[in-house]
Amino acid sequence: MTMSVEPFSRGSFHIGARISGPKGSSFTVETESNHSLDESATPWLSATLPVAMKSDIPLRLDGEVDPAALENAQNAQRILSGWYPRHYRPVAVEARTSSPGSPPQPGVGCFFSGGVDSFYSAITQHDRITHLIFVHGYDIRPDDERLGALALDSAREAAAELGKPLIEVRTTLRSDFADPLRVPWGHVFHGPALAHVATALSSHVGTVIIPSSDTYATLEPWGSHPDLDVCWSTSSVTLEHRELDADRKQKTFRIVEYPVAMNHLRVCWENKGGRLNCERCFKCFRTRLHIEFAGGDCATLPNPIDPDAVRRLYINPARRQLLRKSLVEMGRHGCDAPELERAIRSAIRRSYVLQFFPR
Ligand SMILES: [Zn+2]
């Protein structure tokens, strides 16, 4: 059995691939953009290799693949199989090697979801960045048109205020391929999926920044990681995993100084009620708390924190650690909110009990 990938294109702004997966399954993935895309097989290497590794079957790409991409992907295989030896095994990759293409473009792209990490990178790397890249289909499902349009409008306005053109991409790679095959998005696939988009944009950008969600102190095996992201680079596009020197709170403190960030921040992945931020989930709550510490005012998280909503949150062990830190910081930042403090303590206690005695 082989995972075979047959790339196709419907003009230069719309590429796709027919993929035969494990156990006779088959998939069609489509990626389109307002910018022209690489029609070769190269962007499909990062998009399919982790899945072939998980299925433990050789990968065959019917088309030409950049030679540097093929060589770098061997390192990606070493890293993934080293991190997850029971679930990801190195596999043979068969593809025709293309002749080296034109030299890399001088443009520098940066993925831009509108969250804390992407605003921080967009602000700190502002002088280098020539394009921001928004993807509909990863954190927002491709069929969620309403939220997709809302997030895209917000990203367009933010990009215009930052003075950068926005590359808009829409893809079914996650929903129609990785999710049905249960490839873990966080631990494995979101980095390779971003690399699919980055390498498809080779005629516009020669470097693409992936804003880190980790710091040097918190790095662990994760789908987007400084060691792994760079392994998806080609001879035309280099991937850079950036901004590991600031944690989420430090990043929030920096971006509250920028009205563009406070007017367009989108941190929520719960996607409830078709709003940019639900204001009920842990991510919304923690971002709101940091903005309060920094004395900021955010138009997309406008309401005061509701202690009752905090009390009801289930908080996993790693996040409980973060919240205990936040409790200490509340005093330090002059945040006098005894009811909220009680709510946080109550959520921590309740989540501890729920961890061992789930309802
Ligand atoms: Zn939320």
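Quick caveat: nothing in here was measured; it's all calculated off a predicted structure. Counting begins at 1 with the first residue of the sequence.
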Could you state whether Trp185 and Leu80 fall into the same hydrophobic cluster, counting links through intermediate Ile, Leu, Val, Met, Phe, Trp or Tyr residues with side-chain heavy atoms under 4.5 angstrom apart?
yes
Would you kindly confirm whether Ile57 and Tyr88 end up in one hydrophobic cluster when ILVMFWY residues are joined by side chain heavy atoms under 4.5 Å apart?
yes
Is there side-chain contact between Phe189 and Leu181, with at least one heavy-atom pair below 4.5 Å?
no
Test salt bridge (Lys or Arg N to Asp or Glu O under 4.0 Å) on Glu30 and Arg10; report intermediate values, then the result.
CA-CA 10 Å; Glu30 310 211 20; Arg10 306 183 198 279; 3.1 Å; yes
Using salt bridge (Lys or Arg N to Asp or Glu O under 4.0 Å), reason through Asp62 and Arg96 one step at a time and then give a plain yes or no.
CA-CA 8 Å; Asp62 296 333; Arg96 288 200 309 280; over 6 Å; no
Do Glu6 and Arg60 meet the salt-bridge criterion of a basic N to acidic O distance under 4.0 Å?
no
Taking it one step at a time, do Leu201 and Val208 satisfy side chain to side chain contact (heavy atoms under 4.5 Å, CB included)?
CA-CA 9 Å; Leu201 292 167; Val208 175; 5.8 Å; no
Any idea which heavy atoms bring Pro221 and Trp83 closest together, and the distance?
CB-CD2, 3.5 Å
Could you go step by step and tell me if Leu152 and Glu168 meet the side chain to side chain contact (heavy atoms under 4.5 Å, CB included) rule?
CA-CA 8 Å; Leu152 176 58; Glu168 302 168 16; 3.7 Å; yes
Mind checking the CD1-OG spacing from Ile133 to Ser118? Nearest 0.5 Å is all I need.
11.5 Å
Check for me whether the distance between the ring centres of Phe119 and Phe112 falls short of 6.0 Å.
yes
Look at the side-chain heavy atoms of Ile, Leu, Val, Met, Phe, Trp and Tyr, link any pair under 4.5 Å apart, and say whether Leu327 and Phe253 land in one connected group.
yes
Within one Ile-Leu-Val-Met-Phe-Trp-Tyr cluster: Trp44 and Val51, side-chain cutoff 4.5 Å
yes
Separation of Thr31 OG1 from Phe13 CZ (nearest 0.5 Å):
15.0 Å
Parallel, tilted or perpendicular: which fits the ring planes of His187 and Trp222, with parallel below 30° and perpendicular above 60°?
perpendicular
Can you confirm whether or not the ring centre of Phe177 sits under 6.0 Å from the ring centre of Phe27?
yes
Does CZ in Arg146 sit with more than 12 non-hydrogen atoms of other residues, nucleotides or ligands closer than 6.0 Å?
no
Nearest-0.5 Å distance, OG of residue Ser233 to CD of residue Glu71
12.0 Å
Verify side-chain hydrogen bond (donor to acceptor under 3.5 Å, both in side chains) between Thr42 and Asp38, making sure each step is shown before the conclusion.
CA-CA 8 Å; Thr42 304; Asp38 182 339; 4.6 Å; no
NE2 of His241 to CG of Leu228, rounded to nearest 0.5 Å, is 10.0 Å
Hydrophobic cluster identity match, Leu239 and Leu37, side-chain contacts under 4.5 Å
yes
List the steps, then state whether salt bridge (Lys or Arg N to Asp or Glu O under 4.0 Å) holds for Glu145 with Arg170.
CA-CA 11 Å; Glu145 299 287 350; Arg170 192 184 169 97; 2.8 Å; yes
Hey, are Asp139 and Arg266 close enough for a salt bridge, meaning a charged N less than 4.0 Å from a carboxylate O?
yes
Does the distance from a Lys or Arg side-chain N to an Asp or Glu carboxylate O, for Arg141 and Asp143, drop under 4.0 Å?
yes
Going through the distances and angles, do His190 and Tyr138 end up as a side chain to side chain contact (heavy atoms under 4.5 Å, CB included)?
CA-CA 8 Å; His190 69 293; Tyr138 289 165; over 6 Å; no
Between CG on residue Leu354 and CG on residue Leu313, distance to nearest 0.5 Å:
11.5 Å
Atom pair OG1 (Thr171) and CD1 (Ile15), whose distance is rounded to the nearest 0.5 Å
8.0 Å
